[in-house]
Amino acid sequence: MTTLTRYDVTREQLAEVLDGTPRYRVDQVWSGLYEQFTEPDEWTNLPKALRADLARRLPNALTPVTETVSGNGDTVKFLWELEGGSRVETVLMLYADRATVCISSQAGCAMGCGFCATGQAGFTRHLTTGEIVEQVARASARARQAGRRVSNVVYMGMGEPMANEQSVWQSVERIHGEIGLSARHITISTVGLIPGIRKLAERPLPVNLAVSLHAANDSLRDELVPINKRYPIDDLIEACSDYLSARNRRISFEWAMIEGVNDRNSDAAELAALCRRLRPRAHVNLIPLNPTPGYATRGTSLKRVHEFRDLLESLGANATVRQNRGTEIDAACGQLAAGQPVTLGRKPSGPKAST
Ligand code: SAH
Ligand code: SF4
């Protein structure tokens, strides 16, 4: 990747690009990028020639392919094309009390979890800092149209953020320092790459950590999440425990519930035992497995998901059943495949807008 894009540059690098332009111009451009989330042709406080020059020298990293909106308008999925032709997705979710953007950190993913549409597609490449930050900026611009502000960022889109730790971290710093989100409103989700978790513990901002556990014993986890063979559960829990000691944050365990596979009483008992090993205890997020083309086993029924939650609670673990957003537009957890059909044979019920 050679092209420097709009959201790659730091304020200092922007000043270099605009060499010879007064400082207040740099501030105007920066405000256009990080406060207004607008395009150069909208920066009418700047000379036209300068705007054109900027648009040419610092192009966007993301070319919009489609924008899909759920029936009630509260979930928006963006499909982007990157330099080189690969595609990634971003999801904006508007709730009553917050607006969350779910961003991708890689095109594809090399981790090979069989139940995940991104994993089924394989790995293409890492995203740059600019490609990650621009997803938040574009989603923020879209939220503004609905009179909303993005309040939370979750690294839960395509890819494994801790396999691209450096660019991800730089993007966290930009989202925190320039877009102005506090660390407690930023969550990084990892499949459990221990070196990444350890690196994160040394970083200066205490972001939330979500660990996609899905199984609480090594033989099942080896099957569901192949990277477990390299980073087994005991070592992972130890890394989580060290993260908690270094940071004053909660860790959450993500658990996609798969019928007959990880929703048995024995699974709840093993999971609760792992939660109790951490101080403060880990919080479990339960979500019924979403359908993907490459994985036949179904998600657990909502009734059983709630029973499982109650069982966990009775065993001393805290658990929440997560609201499942975006299934009708293939925008839900594990369904991001950047253009490949996910829920075959099902059509979104709402209007579908393409740009
Ligand atoms: N690679 C990171 C970040 C992606 S987050 C990670 O795995 O944590 C996407 C979340 O959705 C993860 O918790 C992942 O395990 C989960 N997921 C994957 N496929 C899913 C599916 N089919 N249904 C529900 N959740 C799924
Ligand atoms: Fe990659 Fe996460 Fe999907 Fe596993 S669940 S394949 S780590 S994106």
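Remember, it's 1-based here, ligands and their atoms both numbered in the order they're listed. FYI, the numbering just counts along the sequence from 1. Atoms considered below: every heavy atom in the structure, side chains included; atoms not considered: hydrogens, waters and symmetry mates.
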For ligand 2, which atoms, with element, lie under 4.0 Å from some heavy atom of [X]?
| X | answer |
| --- | --- |
| C109 | 1 (Fe), 6 (S), 7 (S), 8 (S) |
| M111 | 1 (Fe), 7 (S) |
| G119 | 6 (S) |

[atom] - nearest protein heavy atom and its distance:
| atom | answer |
| --- | --- |
| atom 23 (N) of ligand 1 | N290 N, 2.8 Å |
| atom 20 (C) of ligand 1 | G334 CA, 3.3 Å |
| atom 2 (C) of ligand 1 | E160 OE1, 3.4 Å |
| atom 4 (Fe) of ligand 2 | C113 SG, 2.4 Å |

Inset, instruction - Work out which heavy atom in A331 is nearest to a heavy atom in T75; give both atom names and the distance. - result: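 Closest heavy-atom pair between A331 and T75: CB-CG2, 4.5 Å.
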
Inset, instruction - Taking atom 2 (Fe) of ligand 2 as the reference point, report whether a protein heavy atom occurs under 4.0 Å from it. - result: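 No, no protein heavy atom sits under 4.0 Å from atom 2 (Fe) of ligand 2.
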
Inset, instruction - State if H214 counts as touching ligand 1 under the rule of any non-hydrogen atom under 4.0 Å. - result: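 It does; at least one heavy atom falls under 4.0 Å.
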
Inset, instruction - May I ask whether G157 has any heavy atom positioned less than 4.0 angstrom from an atom of ligand 1? - result: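 For ligand 1, residue contact (heavy atoms, under 4.0 Å) with G157 is present.
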
Legend entry - Contact (N/O only, under 3.5 Å) between Y155 and ligand 1: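 Between Y155 and ligand 1 (N or O atoms, distance only) the closest approach is not under 3.5 Å.
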
Inset, instruction - Please indicate whether any nitrogen or oxygen in M156 is less than 3.5 Å from any nitrogen or oxygen in ligand 1. - result: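 No; every N/O pair is 3.5 Å or more apart.
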
Inset, instruction - For the pair R221 and D218, find out whether any cationic side-chain nitrogen is under 4.0 Å from an anionic carboxylate oxygen. - result: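 Salt bridge flag = no for D218 with R221.
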
With distance as the sole criterion, is a donor-acceptor pair present between the side chains of [X] and [Y] under 3.5 Å?
| X | Y | value |
| --- | --- | --- |
| E270 | N217 | yes |
| E178 | W30 | yes |
| T292 | Q120 | yes |
| S105 | E160 | no |
| Y95 | R325 | no |
| D8 | Q13 | no |

Legend entry - Minimum non-hydrogen distance to atom 3 (C) of ligand 1, winning option of S105, G159, S212, A117: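 Among S105, G159, S212, A117, the closest heavy atom to atom 3 (C) of ligand 1 belongs to G159.
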
Inset, instruction - May I ask which of P291, S252, C333 has a heavy atom nearer to atom 10 (C) of ligand 1 than the others do? - result: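 Closest candidate by heavy-atom distance is C333.
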
Inset, instruction - Give a yes or no on whether L4 and L18 share a hydrophobic cluster (residues Ile, Leu, Val, Met, Phe, Trp, Tyr; joining criterion: side-chain heavy atoms under 4.5 Å apart). - result: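 Yes; L18 is reachable from L4 via cluster members.
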
Inset, instruction - Treating Ile, Leu, Val, Met, Phe, Trp and Tyr as nodes and any side-chain heavy-atom pair under 4.5 angstrom as an edge, say whether V191 and L336 lie in one connected cluster. - result: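 Yes, same cluster.
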
Inset, instruction - Please state whether the separation between atom 4 (Fe) of ligand 2 and some N/O/S atom of C116 is under 2.8 Å? - result: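 Checking atom 4 (Fe) of ligand 2 against C116, no N, O or S atom falls under 2.8 Å.
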
Inset, instruction - Classify the contact between T190 and ligand 1 as side chain, backbone, both or neither, using a heavy-atom distance cut-off of under 4.0 Å. - result: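 For T190, only backbone atoms sit under 4.0 Å from ligand 1.
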
Check ligand 1 against [X] and write out every atom of the ligand that is under 4.0 Å from a heavy-atom position of the residue.
| X | result |
| --- | --- |
| V191 | 6 (C), 8 (O) |
| T292 | 22 (N) |
| E254 | 13 (O) |

Inset, instruction - Could you tell me if any non-hydrogen atom of G159 lies under 4.0 Å from any atom of ligand 2? - result: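 Contact present.
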
Inset, instruction - Kindly say whether G260 contributes a backbone atom to a donor-acceptor pair with the side chain of D263 at under 3.5 angstrom? - result: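 Side chain of D263 to backbone of G260, a donor-acceptor pair under 3.5 Å: yes, one is there.
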
Inset, instruction - Examine F78 together with W80 and report whether their ring centres are nearer than 6.0 Å. - result: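 They qualify: ring centres under 6.0 Å apart.
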
